[in-house]
Amino acid sequence: MNWIGIIENTIKALIGINAVYFALAAIGLNVQFGYAGLLNFGQAAFMACGAYGLGMTAHYFQINMWWGVLIGLGFSLVLALLLGVPTLRLRADYLAIVTIAAAEIVRLVVRSVQFNEYFNGSDGINNFGGPFQRLGSVDWRIFDQVQLFKLNPQQRDYGPSLTIPGVDWTIDVEFTGRQLWALIVGWGLVLILGSFVYMLMRSPWGRVLKGIREDETAVASLGKNVFGYKMSALIIGGLIGTFAGFMLALDRGSVQPDNYSRDVTFYILTALVLGGLATVTGSIVGPMIFWAVFQFADVFLREAVGREGITLFNLRILDTTQVGPTNQILIGMLLILLMVYRPQGLFGNRKEMAIDAR
Amino acid sequence: MRRAAQVVAMALLALIALAAVMSPPRTAHAQEDDERTINVRVQNRLEGENTPVPGVTITVSAGGEEVASAETNENGLAELVVQGRRDYEITVDRDTLPDDVDIPEERASLVITSGQFTSSRIARTFNTGEAASTTEPFVDKLAQRLVDGTRFGLLIAISSVGLSLVFGTTRLTNFAHAEMVTFGGVVAFLFNVTGISFLGFMPFVDDRGRMHLILAAVITTIIGGLFGLFLNGTLFGVLRRRGYSLITLMVISVGLSIALKNVFLHRFRSRRRPYNDYASQSAWEIGPVSITPRDLIVAVISLVVLITVALTLQRTRLGKATRAVSDNLALASATGINSERIIRVVWFSGGALAALGGIFNGLDEQVSFEMGAQLLFVMFAGITLGGLGSAFGALLGGFIVGLFVELATFVVPSELKNAPALIVLILVLLVRPQGILGRAERVG
């Protein structure tokens, strides 16, 4: 078994682009679910808004890519209003039902032949990341003096190379210039938006929001506009989720409708619960650990299964095409076990985890 | 805590056992080292219904050179074996299509790139349409859609009764309900097509352990009910009594949904497959409407089942107790109703009906690992329209939404067929959130 390869893959997953976009989506979902108690099962749709906002600049609008940021945020705003207005005055489960349905419809619409003109159907929109990637190879300096970095997009071996003494292993964590540029921007965004949410939740606004999660009626009786607070939380969380879509699209320079399926929202939810609801640290570290574990299990199982597959009592237990589903079964079980035994996740506070809002 | 631990461990073990029992279907022949199989389906999507198109010649070419060709069988399937991962172009020979069926030139061929071969098999579907010359008058089309809509509505109503009753009695929105529907379809497939070899000694079972679909359906419906009981007994019921909040339970049902769906994918793989019986039938033409005997019988059975459910709820002691618990659990318990028993009954009957719905859906659109998931929000729209938790509401709402979705295909393209359900959902929540039969209550 190639342990070095497995370790390299795991470390890359820990800080890779998947962890970035999951973290961004989880920070947004955390505002909604963790702090406000709003069960948004359609975060993937907000990500799709961002990704398609960028993609459509190349495919439909034929304008500079950076307008896509505004377009994507605009889409998300409209979506949040559309989902929030009918449901936020009702019990919590209505929002869950409507968001899960809306996210599926958004995916079906963008991949449909009918709306090819706007979204290019199931092929998605490709090769529009040029302006973003060109920025990466600019000479970045502080006051024209200190050079920060200047990346060569083609170069493949950015990243540390660690030699473990004794066993004589060399672990190379390598990214291409293009990937590294996306990671720098992505983790930058995670830091900015994470700090924003951290400060927001310590403001009077955030305290009211947490109060709504704990007891809506009590907050309403103090004269606060509960609906307004919930609506803003849904919008802010959705807009942050939009950035996850931006990063996923910018990294690949393409957008594919099937990257925004219902399951993606559920995995983000799992990663968030793993880290700890209602904590900013949890919403960032959770996705990192989630992807490291997921990648480890994936590579490990693939290596273990080999070409022949594993057979037990004449029954094919596992072959290479079954590794994916096996991992996802484990994710589902992880979510169940976390909610039963450790609902506060790794960093959360059990007392604050009274997600009992109805 | 310890009891909960045992219970969850048991549930997980059972899930694994479930995965082990569902043995994967046998592949037709041994795979050569670099042999790739392309499964092509040609189907005619008409009136929201897929009918296989047999006798169509399919050719595969690589680099402009023809490498394989085959003709579709009576199920509209053709299997093409090619050597190696390359870019292949698959073409439908339009001249071999039946007269009343056509496919536009630009959709008559498609390309599989080498990167798309993630396994030794790859499946592609060609959807043909009506030939331009045979256009029916609007009234005829409307009649056909009404019939199809009735069938779909009955299917949704059957599948979603359990979802609504469970909500009514325990306030749990069970996102894994979709998987209970798939469970029915897949387990019936196991009995009917895959076979369980050690059952071979039993009557009505052939030596590979397969049985006729009717027998398989009866057994599967019962197993579906037991599955519902099992979920309540090991997971939801226990956690509810331990005082876990509803939102926690809802997230747990999401986890369960992910796990179960992938158990199905793991054992059943991602292809759609038909049952051995009643797979292809020629339709009866009744006036302007065509319906296969299978669909007619399924619709009749569904109707009978729904009327039985409604009468049970209306007339029997058990039904009245169920409605009482749905209405107000504390009050019902105080009057001496054993509410835990009622909840078990609800999980059993809900699971059984969901499984039956899954079998019917499998007959209609073949069996796949995500057949239930695709219906989930149509079911949600139905029970919301009817009134969340109201037993009759699920029947009525499911039926109306199913009918509406089918009728909406006049204006909505078939790939967005389920989208109107969302519009229904949002409109209901804006105008009358308690649904048609629900009682208004202040919720925030």
Side-chain angles (χ1 to χ4, degrees), chain A residues 37 39 41 82 85-94 96-98 100-102 104-105 108-109 111-114 216-217 220 226 262-263 266-267 269-270 273 312 315-317 320-322 324-341 343 354-358, chain B residues 1 4-5 8 11-12 15-16 19-20 23-24 118-119 167 171 173 175 235 239 244-252 254-267 269-270 369 373-374 376-377 380-381 384 388 413 415-416 418-419 421-422 425-430 433 443-444:
Chain A
L39 214 39
F41 281 167
L82 208 61
V85 168
T87 57
L88 287 181
R89 291 181 199 280
L90 306 171
R91 259 189 332 247
D93 29 10
Y94 285 103
I97 293 174
V98 170
I100 205 174
E104 195 61 14
I105 299 286
L108 288 177
V109 166
R111 80 193 301 281
S112 69
V113 178
Q114 189 78 10
E216 201 173 307
T217 323
V226 170
R262 167 169 27 180
D263 290 357
F266 291 165
Y267 299 155
L269 181 68
T270 310
V273 173
L312 186 70
L315 192 70
R316 177 69 70 83
I317 300 289
T320 40
T321 59
Q322 289 171 322
T326 307
N327 275 322
Q328 281 150 26
I329 295 172
L330 294 178
I331 294 176
M333 288 182 173
L334 175 71
L335 183 57
I336 298 176
L337 292 174
L338 277 171
M339 289 313 281
V340 173
Y341 294 115
I355 39 170
D356 215 4
R358 297 238 5 217
Chain B
M1 203 67 192
V8 170
L12 297 184
L15 213 61
I16 294 163
S23 114
T118 48
S119 70
F167 180 89
R171 301 284 137 187
T173 311
F175 286 92
L235 197 64
L239 298 177
Y244 280 73
S245 76
L246 283 170
I247 292 201
T248 307
L249 289 179
M250 221 191 288
V251 175
I252 287 173
V254 165
L256 183 67
S257 160
I258 301 174
L260 282 175
K261 190 172 115 183
N262 285 289
V263 168
F264 299 140
L265 176 60
H266 185 282
R267 301 318 301 181
R269 317 275 170 144
S270 57
F369 74 100
Q374 286 164 346
L376 181 67
F377 71 86
F380 274 136
T384 312
L388 268 185
E415 53 192 347
L416 296 175
N418 292 343
L422 177 70
L425 189 57
I426 287 181
L427 284 182
V428 170
L429 292 183
L430 279 174
V443 277

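A, B, ... follow the sequence lines: proteins, then strands. Residue 1 opens every chain.
- The NZ atom of B/Lys261 sits 8.0 Å away from the CZ atom of A/Phe266 when rounded to the nearest 0.5 Å.
- Nearest heavy-atom pair, A/Arg91 versus B/Arg171, reported as atom, atom and distance to 0.1 Å: NH1-NH1, 4.2 Å.
- Looking only at side-chain heavy atoms (C-beta outward), B/Tyr244 and A/Val340 come within less than 4.5 Å of each other.
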Could you go step by step and tell me if B/His266 and A/Thr326 meet the side chain to side chain contact (heavy atoms under 4.5 Å, CB included) rule? CA-CA 7 Å; B/His266 185 282; A/Thr326 307; 3.0 Å; yes

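- In this structure, the separation between CG on A/Leu335 and CG on B/Leu256 is 10.0 Å, given to the nearest 0.5 Å.
- Residue contact with chain B, scored on non-hydrogen atoms closer than 4.5 Å, involves the side chain of A/Leu269 exclusively.
- Comparing A/Arg111, A/Glu104, A/Arg262 by how many heavy-atom pairs each has under 4.5 Å with chain B, the most go to A/Arg262.
- B/Ile247 approaches A/Gly37 most closely through the heavy-atom pair CD1-O, 4.3 Å.
- For the atom pair A/Leu330 CG and B/Ile258 CD1, the distance stands at 11.5 Å (nearest 0.5 Å).
- Atom-to-atom distance recorded for A/Tyr94:OH and B/Leu388:CG is 4.0 Å, nearest 0.5 angstrom.
- If you measure heavy-atom distances from A/Val226 to chain B, you find no contacts under 4.5 Å at all.
- Within the 4.5 Å cutoff, no side-chain heavy atoms of B/Leu265 are placed close to those of A/Ile329.
- A/Leu90 contributes atom CG, which lies 9.0 Å from atom CG of B/Leu430 (distance to the nearest 0.5 angstrom).
- Across A/Val98, A/Ile97, A/Asp93, a single residue satisfies side chain to side chain contact (heavy atoms under 4.5 Å, CB included) together with B/Phe380, and that is A/Ile97.
- For the pair A/Met333 and B/Ala259, the tightest heavy-atom approach, listed with the atom from each and the gap, is N-CB, 4.3 Å.
- Rounded to the nearest 0.5 angstrom, B/Asn262 CG and A/Asp263 CG are separated by 7.0 Å.
- A pairwise comparison of heavy atoms in A/Thr321 and B/Arg269 identifies OG1-NH1, 2.8 Å as the closest pair.
- When all heavy atoms of B/Ile252 and A/Met339 are compared, the closest pair comes out as CG1-CB, 3.4 Å.
- In this structure, no portion of A/Thr217 lies under 4.5 Å from any heavy atom of chain B.
- Comparing A/Gly324, A/Ala102, A/Ala96, A/Pro86 by how many heavy-atom pairs each has under 4.5 Å with chain B, the most go to A/Pro86.
- Looking at A/Leu39, only its side chain comes within 4.5 Å of chain B, counting heavy atoms on both sides.
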